[in-house]
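Excluded from the calculations below are hydrogen atoms, water molecules and symmetry mates; all remaining heavy atoms, backbone and side chain alike, are included. Keep in mind it's a predicted model, so treat the numbers as computed, not measured.
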Amino acid sequence: MTVLAEVSTNGHHETQLPRLVMVGNGMAGARALEEIIARGGSEKFAITVFGDEPYGNYNRILLSNVLAGSDDAGEIYLNPLDWYNENNIDLRSGVRIVRVDTFAHVVYANDGTRMRYDKLILATGSRSFFPPMEGIWQADNKTLVPGVFGFRTLDDCEAMIEFARQRSRALVVGGGLLGLEAARGLQNRGLQAGVVQSGTALMNAQLDDQGASILRRLVEDLGITVHIGKRPSAVFSENGLPVALGFGDGTQLPCDMVVLAAGIRPNVGLAQRAGLTVERAIVVDDQMRSVDDDDIYVVGECAQHRGQVYGLVAPLWEQAGVLADHLTGTNPQAAYHGSRTATKLKVAGVDVAAMGLKAPENDDDEFVQYFEPKHGVYKTLVVRDGKLVGATLVGDVSKVAFLMQAFDRGLPLPPERISLLFDIGTPDVATGAAELSDDAQVCNCNGVSKAGIVSCVKGGQTSLASVMNATRAGKGCGSCKDLVGQIVDWAVSETGAEVSEDAATNWYVPGIPYEKPELMRMIRELNLHSVSSVFQALAPEGREDAQSKMGLSSLLEMMWGEEFVDERASRFINDRVHANIQRDGTFSVVPQLKGGVTNSEQLRKIADVADKYQIPMIKLTGGQRIDLLGVRKQDLPDVWADLGMPSGYAYGKSFRTVKTCVGTEFCRYGLGDSTALGIAIETRYQGLASPAKMKLAVTGCPRNCAEALCKDLGVVAIDGGQWQIYVGGAAGAHVRKGDLLATVATHDEVMTLTGRFLQYYRENANWLERTYSFVPRIGIERIREVVVDDTDGIAADLDARMQKSVDAYHDPWAASQKDPQDNQFRPSLPLIPLPQVPVR
């Protein structure tokens with residue numbers, strides 16, 4: 001291999017190692033780098049990477065999570081900048097290569113850099129395809145008009161998030177995976193979202209017509225409108241912003257935001273200008289080299305191998321491994337022969353898996369089909385010569401692990417083909433995990449096989465979290481996490497060890513490396529009153545962590561009361577807008593009805609509000625309240641103002657409600673005035689921030705009409721004028737009778753012990769740990785010692801800290817009404833159709 005020095009205008013030192021230049025710093029390029037380094041590539045080459053985007057590499061698959069708000073942008077990076085430095089990689093982020101001279105072996109960058117290379121890797125990926133439409137380009141014909149977006153990069157995603165804050169109705173052009181995910185993400189941001197598909201079916205590349213119809217039904221059930229067979233022709237704007245999407249048939253749909261997700265195109269311009277052979281993409285041989293130049297390798301979506309261009313992650317990982325084997329000389333005979341594509345996805349919240357053929361291709365193919373529209377389930381199998389050559393699953397993917405193994409390995413199939421789709425012969429999940437072949441791919445997003453997970457366990461990683469961190473299995477779309485856990489459990493048991501608990505498991509929130517008592521101590525010592533200050537002081541390198549914000553915000557509010565500095569960005573959408581987001585992007589409003597008691601004035605107000613704002617459903621809840629469902633986000637402040645009632649806190653991790661029976665006032669069996677006591681408890685402790693939601697009840701006799709025995713805290717009147725207090729009950733998916741905490745004689749004692757228990761729970765429970773888990777974990781005897789007997793001498797402190805929180809209470813609905821210009825409540829477009837605008 002010829003030794004060449006770097007020729008550059010940027011002052012970097014010369015090197016005596018052969019120069020490897022990579023153009024592109026996306027997922028495929030980064031994976032190729034990892035494979036090269038794993039084979040000693042950093043000792044064999046001086047490596048320089050040019051990346052178009054001004055970042056390190058990130059997981060493009062998770063952009064939809066960032067758009068939806070479930071992931072922070074900082075969480076999706078694959079390799080931090082330190083990784084490049086540790087591996088002696090010269091990263092030129094935000095620098096574009098504009099020309100390759102294949103004869104001189106020189107690349108030219110847009111910042112003036114010229115660099116010689118010995119080996120070149122093109123990992124230029126792909127770009128969004130923008131269909132020919134009027135009104136989407138600015139005068140330079142290069143920049144999309146405001147309000148029209150592609151959905152391909154982190155910049156695209158962040159621009160969409162910013163623009164969506166002031167919008168109410170979005171249309172997404174493209175009914176494939178990307179379009180559906182964009183629509184779901186925008187819906188989660190509070191917009192009315194619709195999908196426009198010019199073809200006849202959603203995800204037509206992966207699903208047949210019946211599978212697509214099931215998917216459409218499930219997507220529409222989520223509140224996303226689907227428009228099939230509509231070919232967009234123009235975006236109409238007023239005052240420089242979109243107001244409607246026009247179609248070739250002259251019809252229009254109103255919108256104030258348009259996302260173009262109609263497919264991708266490989267980035268091949270650089271290769272074309274360099275004289276390389278380009279068809280659909282850059283043509284490569286089995287060693288992933290350009291067919292024109294043995295010193296140029298190509299990987300990812302910009303590569304065309306044997307006529308195929310792959311857009312799924314798993315084939316790109318296979319390509320990267322072959323490229324690295326050949327380039328480093330680890331295995332000069334390494335060859336890529338193409339990939340059998342199989343994928344499991346969660347599309348807009350719907351489970352979908354597809355592999356191989358969608359339908360039989362000849363009369364000898366066996367075709368098994370199960371179609372259950374009402375329950376949103378569709379399954380097919382295509383079997384040829386006793387081997388699985390295709391499968392489609394929508395709505396129920398419980399058998400996908402076994403099917404992928406059969407598809408990848410060509411395993412013999414049971415004679416009863418239906419057993420491949422249902423649990424009547426194939427292994428269950430646990431058995432299937434143990435029986436998977438070593439080379440079976442478990443994580444398609446990151447190309448991790450069973451052998452890779454098992455090897456990691458044998459190397460000493462014996463917790464699920466540590467294995468996921470080491471291999472990245474389960475860290476893409478997350479759909480394989482359960483299977484990864486099954487394999488870890490099995491692999492650890494094979495070594496004779498036990499599955500260990502990762503240290504981070506005990507942290508109160510994932511981004512701050514402290515358990516709750518230590519975290520609270522440090523917050524007090526450092527006088528940290530805001531979430532951002534906690535990150536700056538206590539997080540590794542001061543990094544913020546999106547998954548930690550909600551828990552920290554609740555903790556700080558509990559600790560500081562009025563001194564807590566509330567930062568809206570640290571709140572979940574429900575807490576930011578003080579209402580419960582629904583699956584269609586609207587919200588539910590539950591006003592406070594203390595103890596479940598109301599009057600005619602309140603009922604008239606609720607009815608008037610429902611009529612005025614065209615609220616589609618009024619629902620009586622199990623907590624004896626009235627739920628107004630389907631409230632538009634922009635209407636929330638006006639709804640609260642017109643109701644003139646406090647928040648019922650049906651949305652937060654907080655004290656929510658006290659359910660009561662009618663007690664002694666009307667009931668002939670009543671032993672105690674449960675109604676008055678319940679109202680008093682709810683009045684005192686309303687809205688308290690908590691690690692998880694808290695539901696209470698007071699019942700006037702042991703008949704338990706208010707179901708007090710299965711609440712987080714329940715109070716029951718008994719003979720002799722006494723009251724029993726139960727804690728740790730549940731009646732949801734988990735059913736548990738509460739444990740008896742104490743028997744007392746007065747309302748005041750009930751009130752005191754209620755507050756003391758709630759404070760002890762708030763200070764000592766894990767984030768999202770309900771009382772039905774907390775009480776048995778701590779033990780009712782220990783809780784009784786602290787709360788009732790005061791053996792630790794902290795009862796007065798618990799009472800004082802609870803009083804501080806009670807004194808700090810304010811109704812969030814009333815506070816929001818004081819700022820009518822609050823931009824989180826966006827004005828909406830009129831719901832009437834817009835006037836027709838001629839299509840030009």
Side-chain angles (χ1 to χ4, degrees), residues 594-597 622-624 655-686 688 690 692-732 734-762 764-765 770-792 795 798-799 802:
K594 293 180 181 178
V597 176
Q624 297 180 336
F655 183 106
R656 291 194 172 184
T657 183
V658 179
K659 188 174 183 178
T660 71
C661 67
V662 296
T664 55
E665 189 169 358
F666 291 98
C667 181
R668 52 201 173 99
Y669 300 109
L671 301 175
D673 190 353
S674 56
T675 307
L677 180 55
I679 291 173
I681 292 174
E682 187 163 353
T683 300
R684 176 166 174 75
Y685 301 117
Q686 59 190 340
L688 286 173
S690 174
K693 59 187 176 183
M694 300 186 297
K695 298 180 179 181
L696 284 70
V698 183
T699 192
C701 77
R703 287 175 175 81
N704 196 31
C705 292
E707 302 164 348
L709 296 179
C710 54
K711 298 295 184 184
D712 293 292
L713 185 143
V715 183
V716 180
I718 60 174
D719 287 327
Q722 294 184 306
W723 297 90
Q724 293 178 331
I725 303 173
Y726 292 84
V727 294
H734 184 99
V735 178
R736 183 180 191 271
K737 179 184 176 182
D739 295 326
L740 179 63
L741 177 69
T743 301
V744 298
T746 67
H747 284 200
D748 288 343
E749 290 175 287
V750 171
M751 193 72 70
T752 297
L753 291 183
T754 293
R756 195 176 296 166
F757 168 77
L758 295 181
Q759 185 66 18
Y760 184 68
Y761 162 68
R762 296 202 304 156
N764 293 279
R770 290 290 299 273
T771 60
Y772 62 72
S773 298
F774 171 77
V775 170
R777 176 171 68 84
I778 301 299
I780 188 60
E781 295 82 5
R782 173 60 181 157
I783 293 173
R784 192 179 294 122
E785 289 174 356
V786 174
V787 173
V788 181
D789 303 331
D790 193 22
T791 56
D792 289 12
L798 291 172
D799 294 344
M802 173 56 78

Quick one: are [X] and [Y] in side-chain contact, heavy atoms under 4.5 Å?
| X | Y | value |
| --- | --- | --- |
| E665 | D673 | no |
| R703 | C661 | no |
| R656 | M694 | no |
| I778 | V775 | no |
| Y761 | V787 | no |
| K693 | F655 | no |
| Q724 | V715 | no |
| L753 | R756 | yes |

Under 3.5 Å, is there a donor on one side chain and an acceptor on the other for R762 and Q759? yes

Is it the case that the side chains of T752 and E749 hold a donor-acceptor pair, with the cut-off being a distance below 3.5 Å and no angle test?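 No, T752 and E749 have no side-chain donor paired with an acceptor closer than 3.5 Å.
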
[atom1]-[atom2] distance between [X] and [Y], expressed to the nearest 0.5 angstrom:
| X | Y | atom1 | atom2 | answer |
| --- | --- | --- | --- | --- |
| D792 | L798 | CG | CG | 9.5 Å |
| L758 | S690 | CG | OG | 8.0 Å |
| L713 | L741 | CG | CG | 7.5 Å |
| K594 | T675 | NZ | OG1 | 14.5 Å |
| T754 | M802 | OG1 | CE | 9.5 Å |
| R782 | I780 | CZ | CD1 | 12.0 Å |

Indicate yes or no for a side-chain donor-acceptor contact from [X] to the backbone of [Y] under 3.5 Å, with no hydrogens or angles considered.
| X | Y | answer |
| --- | --- | --- |
| D739 | V727 | no |
| T660 | G595 | yes |
| T664 | G670 | no |
| Y669 | G663 | no |

Hey, mind stepping through L696 and T657 against side chain to side chain contact (heavy atoms under 4.5 Å, CB included) and telling me if it holds? CA-CA 6 Å; L696 284 70; T657 183; over 6 Å; no

Can you list everything that forms a salt bridge (Lys or Arg N to Asp or Glu O under 4.0 Å) with K695? Sequence neighbours excluded, please. none

If you look at every heavy atom in [X] and [Y], which pair is closest and at what distance?
| X | Y | result |
| --- | --- | --- |
| A708 | T699 | CB-CG2, 3.9 Å |
| L709 | V716 | CD2-CG2, 4.0 Å |
| P702 | I718 | CG-CG2, 4.3 Å |

Going by the ring pair (Phe, Tyr, Trp, His ring centres under 6.0 Å) test, which pairs reach into residues 708-730, not counting sequence neighbours? W723-H747

Salt bridge present between D789 and R784 (N-O < 4.0 angstrom): no

Within a 6.0 Å radius of atom CD on E785, are there more than 12 heavy atoms belonging to other residues, nucleotides or ligands?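 Count over threshold, so yes.
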
Test: salt bridge (charged side-chain N to carboxylate O under 4.0 Å, His left out). Region: residues 710-727. Which pairs qualify, not counting sequence neighbours?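 Salt bridge (charged side-chain N to carboxylate O under 4.0 Å, His left out) check on residues 710-727 returns D712-R770.
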
